[in-house]
2 protein chains.
Amino acid sequence: MRSPDVTSAGDPARTLALLWREPSTAARRGPQRGLNLDAVIEAATAVTDTEGLTGLTMRRVAQELRVSPMTLYTYVPGKAELLDVMLDAAYGRMSRTDTTGQPWRVRLAAVAEENRTLFATHPWTATVSTLRPPLGPGAIAKYEHELTALDGLSLDDVEMDDCLTLLLSFVQTNARVTADARATAQLTTMTDEQWWAAAGPLLARVLDPAAYPLATRVGSAAGTAHGSAHDPAHAYEFGLHRLLDGLATLIERATPAASGNS
Amino acid sequence: MRSPDVTSAGDPARTLALLWREPSTAARRGPQRGLNLDAVIEAATAVTDTEGLTGLTMRRVAQELRVSPMTLYTYVPGKAELLDVMLDAAYGRMSRTDTTGQPWRVRLAAVAEENRTLFATHPWTATVSTLRPPLGPGAIAKYEHELTALDGLSLDDVEMDDCLTLLLSFVQTNARVTADARATAQLTTMTDEQWWAAAGPLLARVLDPAAYPLATRVGSAAGTAHGSAHDPAHAYEFGLHRLLDGLATLIERATPAASGNS
DNA sequence: TCCGTACGCTGTACAATGTACAGCGTACGA
DNA sequence: TCGTACGCTGTACATTGTACAGCGTACGGA
């Protein structure tokens with residue numbers, strides 16, 4: 001697999017058959033299978049949860065299952081398809097809170113929170129580009145559930161998709177920062193705090209504060225406010241409120257009296 | 001380099017020295033240098049602009065410069081540091097519109113547009129995680145310039161950084177989709193449209209519309225509205241307006257009469 | 001003028017990864 | 001009972017970043 005970690009990079013027909021567990025073509029012959037697809041998914045997910053996407057190698061998963069690397073290829077066409085079924089399975093396991101009857105802000109906040117939990121449980125899911133989503137049962141159920149949070153408002157179908165895309169995109173981007181921080185810390189054997197502690201003084205030696213007054217003032221203020229340069233939890237709270245405020249002007253445009261209602 | 005494409009993955013001291021072009025330690029001895037750092041940056045940027053981050057290999061850049069791969073290591077400590085100076089150089093070349101005196105919405109829209117232009121000119125810059133930004137002259141100048149767009153409003157320093165981070169994060173995420181689409185198309189030798197044309201009918205065979213009414217209705221509506229499943233240009237317009245609306249409630253909180261003013 | 005040495009440049013080599021390929025053995029259907 | 005489809009495996013190759021050692025150059029000091 002090349003560097004962009006993307007879903008649906010394999011053959012669509014083969015991938016969809018795998019996602020929907022289409023039954024095998026003919027009667028079984030030969031030796032009994034020692035594993036099954038779900039066992040492979042489970043092992044691969046366990047490895048990736050703890051070691052990140054860089055730890056997801058066919059050899060590593062095979063080792064976990066006490067099997068030769070090439071054995072995996074009898075359960076999965078390739079690594080790209082494995083990633084697809086892993087992600088769809090994770091989508092399928094997400095909890096889906098029933099917020100029927102609640103104000104739209106509460107409903108959307110719940111959707112955001114469910115995705116945030118997914119990204120916290122499986123950090124690698126935040127770093128995968130789902131431009132071509134895995135079209136499996138998990139992803140479809142997730143999409144259906146999340147659209148219900150936007151149903152019944154005065155939005156047309158395209159606007160519903162727009163709002164959901166914007167919201168999920170924000171949550172994923174925020175989670176990606178955390179996942180990247182973890183991966184970078186492992187890669188450089190240095191936490192963000194350690195890196196700033198090393199880079200800050202070096203920067204101070206070459207940087208003229210008079211030439212960049214705002215940058216030095218705001219940069220140091222932001223740096224000391226949160227522990228490091230970026231605080232994803234703070235950015236999440238801040239961004240989610242701004243974003244919901246922004247959606248409010250769209251959702252409540254015609255009926256300002258309905259503020260906060262479903 | 002491992003899979004996450006991140007900045008500042010190398011030694012901070014070595015990287016900062018490179019970014020700020022600190023003069024070499026002692027008097028030159030031995031053969032004349034055939035190249036210089038800027039030539040390497042230029043060649044690497046040209047390669048990456050056309051072939052994406054996957055095309056950025058030391059061998060490929062060396063070939064461009066008609067030099068052996070290992071020669072590059074006399075100009076740059078490693079690939080990680082090369083990426084840093086490439087990015088900082090790109091930041092340094094960005095145009096910085098003077099929007100002094102304009103309403104804050106116009107100023108922030110200009111900042112967004114400048115970044116959008118960067119990502120359009122150098123798509124790979126959108127796919128790099130700048131969790132630990134390259135602390136070079138280009139990045140600092142960019143930060144200073146963008147903060148001026150938020151100066152003079154009733155925001156404190158931390159809020160200024162919050163707003164800028166949220167805005168830039170949105171623009172980058174939007175651009176990353178476009179860059180990923182390009183990379184995926186090249187990787188799979190299939191455009192997004194072709195992929196949907198292949199996957200759509202396959203999905204229709206296994207998907208029960210009655211079980212997922214919203215997903216099928218909204219999904220197809222969104223799909224036909226824009227040509228494909230995602231239209232980054234549409235998502236940009238939609239998201240930027242929502243986001244500025246959301247910032248408005250913060251910026252204009254105390255002085256609602258100042259709506260749209262600087 | 002001449003030489004020692006610092007340094008630019010290069011070829012070779014290695015580790016890690018996805019996976020093509022061919023072989024080996026198993027157990028089901030006839 | 002036997003042929004064959006199929007599960008599993010070892011080997012092998014291409015692609016990466018880059019460590020290492022060698023080779024030759026040209027400057028600083030005599």
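For the numbers below, each heavy atom of this structure counts, side chains included, while hydrogens, waters and symmetry mates do not. In the text below, chain A, chain B and the rest are named by the order of the sequence lines, each starting its count at 1.
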Return the value, rounded to whole Å, for the distance between atom CZ of Arg60(B) and atom P of dT18(D). 18 Å
In the strands shown, is dC3(C) matched to any nucleotide by a Watson-Crick or G-U wobble pair with both distances under 3.5 Å, and which? dG28(D)
Between dT16(D), dG24(D), dT9(D), spot the one nearest the side chain of Pro31(B), thanks. dG24(D)
If I take atom CE in residue Met58(A) and atom P in nucleotide dC8(D), what distance separates them, rounded to the nearest angstrom? 14 Å
Which whole-number value in Å describes the distance from Leu82(B) CG to dT18(D) C1'? 14 Å
Checking Glu114(B) against Arg96(B) for the salt bridge (Lys or Arg N to Asp or Glu O under 4.0 Å) test, could you report, in this order, the C-alpha distance in whole Å, the side-chain angles of both residues, the deciding distance, and whether it holds? CA-CA 7 Å; Glu114(B) 287 161 3; Arg96(B) 316 206 202 280; over 6 Å; no
What nucleotide among dG11(C), dC8(D), dT18(D) has an atom nearest to a side-chain atom of Thr74(A)? dC8(D)
Check whether any side-chain heavy atom of His230(B) sits under 4.5 Å from a side-chain heavy atom of Thr165(A), and report yes or no. yes
At less than 3.5 Å, do the side-chain atoms of Arg59(B) and the base atoms of dT18(D) form a donor-acceptor pair? yes
Between the base of dG7(D) and the side chain of Arg29(A), is there a donor and acceptor pair under 3.5 angstrom? no
Identify the residue among Thr178(B), Val171(B), Asn174(B) that makes a side-chain contact (heavy atoms from CB on, under 4.5 Å) with Phe119(B). Val171(B)
Check the pair Asp38(B), Arg21(B) against salt bridge (Lys or Arg N to Asp or Glu O under 4.0 Å), reporting the backbone distance first and the verdict last. CA-CA 10 Å; Asp38(B) 289 314; Arg21(B) 303 290 199 285; 2.6 Å; yes
How many whole angstroms separate atom CZ of Arg33(B) from atom C1' of dC27(D)? 16 Å
Integer-rounded Å distance: dC6(D) C1' and Tyr73(A) OH: 19 Å
Please compare Leu72(B) and Gln32(A) by the position of their nearest nucleotide in DNA chain C and report the one closer to 5'. Leu72(B)
Please report, rounded to the nearest Å, how far the C1' atom of dT15(D) is from the CG atom of Leu56(B). 15 Å
Take Leu35(B) and Met70(A), find for each the nucleotide of DNA chain C with the closest heavy atom, and name the residue whose nucleotide sits nearer the 5' end. Leu35(B)
Per Tyr75(B) side chain, nearest of listed nucleotides dT10(C), dT9(D), dC9(C): dC9(C)
Choosing from dG17(D), dG8(C), dT9(D), which nucleotide comes nearest the side chain of Thr57(B)? dG17(D)
For the pair made of CG in Leu53(B) and C1' in dT16(D), what is the distance, rounded to whole Å? 14 Å
Test side-chain contact (heavy atoms from CB on, under 4.5 Å) on Arg132(A) and Asp84(A); report intermediate values, then the result. CA-CA 10 Å; Arg132(A) 304 180 187 177; Asp84(A) 279 9; over 6 Å; no
Nearest whole Å is fine: how far is dT15(D) P from Lys79(B) NZ? 15 Å
What is the pairing partner of dC6(D), taking Watson-Crick or G-U wobble pairs with both distances under 3.5 Å in any strand? dG25(C)
